[in-house]
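Keep in mind it's a predicted model, so treat the numbers as computed, not measured. We count residues from 1, following the sequence as given.
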Amino acid sequence: MPEGEPAWLWPATLAEALDERRRLGDGAMVVAGGVWATLLLNQGLVQPEAFLALGRVPGLDAISLEPDGALRLGATARLSAVARHPLVRERCPVLADTYARVANERVRNQGTVGGNLAEADYASDPPTTLAALGAEIELASAGGARRTPLRDFLVGHYQTDLGPDELIVAVRVPPATGAVGHYLKFVSRSSEDRPCAGIAVVVALDPDGRCRRLDVALGAVAATPAVFPELCARALGQRLDDDLLRDLAEAHAAGVEPLSDLRGSADYRRRLVRALLPRAVRAAAEPSDP
Ligand SMILES: Cc1cc2nc3c(=O)[nH]c(=O)nc-3n(C[C@H](O)[C@H](O)[C@H](O)COP(=O)(O)OP(=O)(O)OC[C@H]3O[C@@H](n4cnc5c(N)ncnc54)[C@H](O)[C@@H]3O)c2cc1C
């Protein structure tokens, strides 16, 4: 290794990884799949003293079912593994579908659950669906572990609540008993691009067709997934008819403060929310609807 080149550290256990993380703090760059890390390095945007690679930590990529029915996605599980995993497909198809919508096969085969979240790019897919599902992030440091709602973990553009001595260990998705979901990704450039807008909905209906649960998250329109639980609460006990969905879409479009970028202006994104939200809810509640 040439002098001055950052060292590569390959901890063999999670405990070792956490010890190194505490020792080196932000001096070491954590690397999981390396998709984002490589881009930053190639552009000279980061100059770490060392790389802390998670790829050889056993079990950190496990996808499992918790005793309470929650799905647990290990931090280094590949995006493609989540998309294909029978447990995820059976228990939470909307999550599998969302991971399957990320970029292309190459990115999905390399990128990881934890890396996608820690990157905290606003134009991402999984955080939107995870926000609608009420997912929690499991974080660990050498000093202990904690759980935080995804909605609190993502704090702004490329900013998270991750401490300098912490690692993402897993994402926990509570059971959505009796509910169905849909993720609608709208791309304005190539089909493999990041979303211009993404809408995730989770719906549960009573046997008489009245709404028992509605969660909506708007992705890629603001710095972090936008959720308006007070607006969704208006649907409880109601039938999700055209008038109600139109009102909900209007209220969400009025409540969100969209950003403008190459993929679309703020006004365009507001229009997308208005048009796509009813479509996403219908697709969840009436799965035969294309
Ligand atoms: C061409 C292209 C298209 C893309 N399109 C999409 C898209 O359509 N939708 C979408 O959602 N995403 C998209 N992405 C983003 C992609 O999903 C992420 O870059 C990738 O998933 C990051 O995962 P990784 O494991 O490679 O992270 P890495 O590059 O290894 O790390 C990313 C960041 O997370 C930190 N990190 C990684 N793991 C942990 C951990 N366990 N604990 C703490 N910190 C950690 C790293 O230090 C780094 O800062 C695209 C990326 C590219 C290059």
Note: A131 and P225 closest approach over all heavy atoms is CB-CB, 4.0 Å
To check you understand the geometry: which heavy-atom pair defines the closest contact between V88 and A96, and what is its length? CG1-N, 3.8 Å
I would like to know whether V155 and T224 meet side chain to side chain contact (heavy atoms under 4.5 Å, CB included); could you show each step before the answer? CA-CA 7 Å; V155 296; T224 60; 5.8 Å; no
Treating T112 as the side-chain partner and A77 as the backbone partner, does any N or O pair qualify as donor plus acceptor under 3.5 Å? no
Identify whether L184 and Y99 are in the same connected component of the hydrophobic contact network (ILVMFWY, side-chain heavy atoms under 4.5 Å). no
Taking the side chain as every heavy atom from C-beta outward, state whether D125 and Y183 have any atom pair closer than 4.5 Å. yes
Please tell me if the side chains of P195 and F186 come closer than 4.5 Å, counting only heavy atoms from C-beta onward. no
Are the side chains of H252 and L231 in touch, meaning some heavy atoms are under 4.5 Å apart? yes
Do the side chains of L24 and L9 get nearer than 4.5 Å, heavy atoms only? yes
Is the count of non-hydrogen atoms from other residues, nucleotides or ligands lying under 6.0 Å from Q47 atom CD greater than 12? no
Non-hydrogen side-chain atoms of D121 and R194 separated by less than 4.5 Å: yes
What distance do L117 atom CG and T160 atom OG1 have between them, rounded to the nearest 0.5 Å? 9.5 Å
Go through L130 and R151 one step at a time and tell me if the side chain to side chain contact (heavy atoms under 4.5 Å, CB included) criterion holds. CA-CA 9 Å; L130 291 169; R151 295 174 189 180; over 6 Å; no
Rounded to the nearest 0.5 Å, how far apart are CG of L245 and CZ of R279? 12.5 Å
Answer yes or no: is there an ion pair linking D165 with R21, defined by an N-O contact shorter than 4.0 Å? no
Do the side chains of R78 and D61 get close enough for a salt bridge, i.e. N-O under 4.0 angstrom? no
I'd like to know if the side chain of S124 and the backbone of P127 have a donor-acceptor N/O pair within less than 3.5 Å. no
Are V35 and L41 joined in one hydrophobic group, where the rule is that I, L, V, M, F, W and Y side chains link up if heavy atoms are under 4.5 Å apart? no
For A220, is there any backbone N or O sitting under 3.5 Å from a side-chain donor or acceptor partner on R269? yes
For R213, the option from V180, T177, V202 that meets side chain to side chain contact (heavy atoms under 4.5 Å, CB included): V202
Any heavy-atom pair between the side chains of L167 and S141 that's under 4.5 Å? no
Give the intermediate values and the outcome of salt bridge (charged side-chain N to carboxylate O under 4.0 Å, His left out) for residues R246 and D243. CA-CA 5 Å; R246 195 170 41 244; D243 287 344; 2.5 Å; yes
Donor-acceptor contact below 3.5 Å, side chain T76 vs main chain L60: yes
Under the salt bridge (charged side-chain N to carboxylate O under 4.0 Å, His left out) criterion, do R146 and E166 qualify, and how do the steps go? CA-CA 10 Å; R146 69 180 172 114; E166 285 183 316; 2.7 Å; yes
State plainly whether one hydrophobic cluster holds both V169 and I63, where clusters connect Ile, Leu, Val, Met, Phe, Trp and Tyr through side-chain heavy atoms under 4.5 angstrom apart. no
Would a distance-only check, ignoring hydrogens and angles, find a side-chain to backbone donor-acceptor pair under 3.5 Å from Q110 to G33? yes
Would you check if L248 and F228 make a side-chain contact, meaning some heavy-atom pair closer than 4.5 Å? no
Quick check: do V187 and C196 have side-chain heavy atoms less than 4.5 Å from each other? no
Counting heavy atoms not belonging to Q159, are there more than 12 under 6.0 Å from its CD? yes
Quick one: do L277 and V227 end up in the same hydrophobic cluster if we chain Ile, Leu, Val, Met, Phe, Trp and Tyr together by side-chain heavy atoms under 4.5 Å apart? no
Distance col, row L73:CG vs R172:CZ, nearest 0.5 angstrom, shows 11.0 Å
Might you work through the salt bridge (charged side-chain N to carboxylate O under 4.0 Å, His left out) test for R282 and D242, ending with a clear yes or no? CA-CA 9 Å; R282 281 192 205 106; D242 290 350; 3.1 Å; yes
Would F51 and V30 count as a side chain to side chain contact (heavy atoms under 4.5 Å, CB included) here? Give the steps. CA-CA 6 Å; F51 297 106; V30 177; over 6 Å; no
Ion pair check, R210 and D206, cut-off under 4.0 Å: no
Please say whether more than 12 non-hydrogen atoms of neighbouring residues, nucleotides or ligands are located less than 6.0 Å from CZ in R271. no
R89 side chain to R84 main-chain N or O, any donor-acceptor pair under 3.5 Å? no
For A253, is there any backbone N or O sitting under 3.5 Å from a side-chain donor or acceptor partner on R270? yes
Taking atom types as modelled and ignoring hydrogens, do the side chains of Y122 and D261 form a donor-acceptor contact shorter than 3.5 angstrom? yes
Any salt bridge linking R101 with D97? Criterion: basic side-chain nitrogen under 4.0 Å from a carboxylate oxygen. no
Test log, rule side chain to side chain contact (heavy atoms under 4.5 Å, CB included), inputs L65 and L71: CA-CA 5 Å; L65 198 59; L71 271 174; 4.2 Å; yes
Give a yes or no on whether L262 atom CG has more than 12 heavy-atom contacts from other residues, nucleotides or ligands under 6.0 Å away. no
Counting only heavy atoms from other residues, nucleotides and ligands, does the tally under 6.0 Å from CZ of R239 exceed 12? yes
Which heavy atom of P175 sits nearest to which heavy atom of D68, and what is that distance? CG-O, 3.4 Å
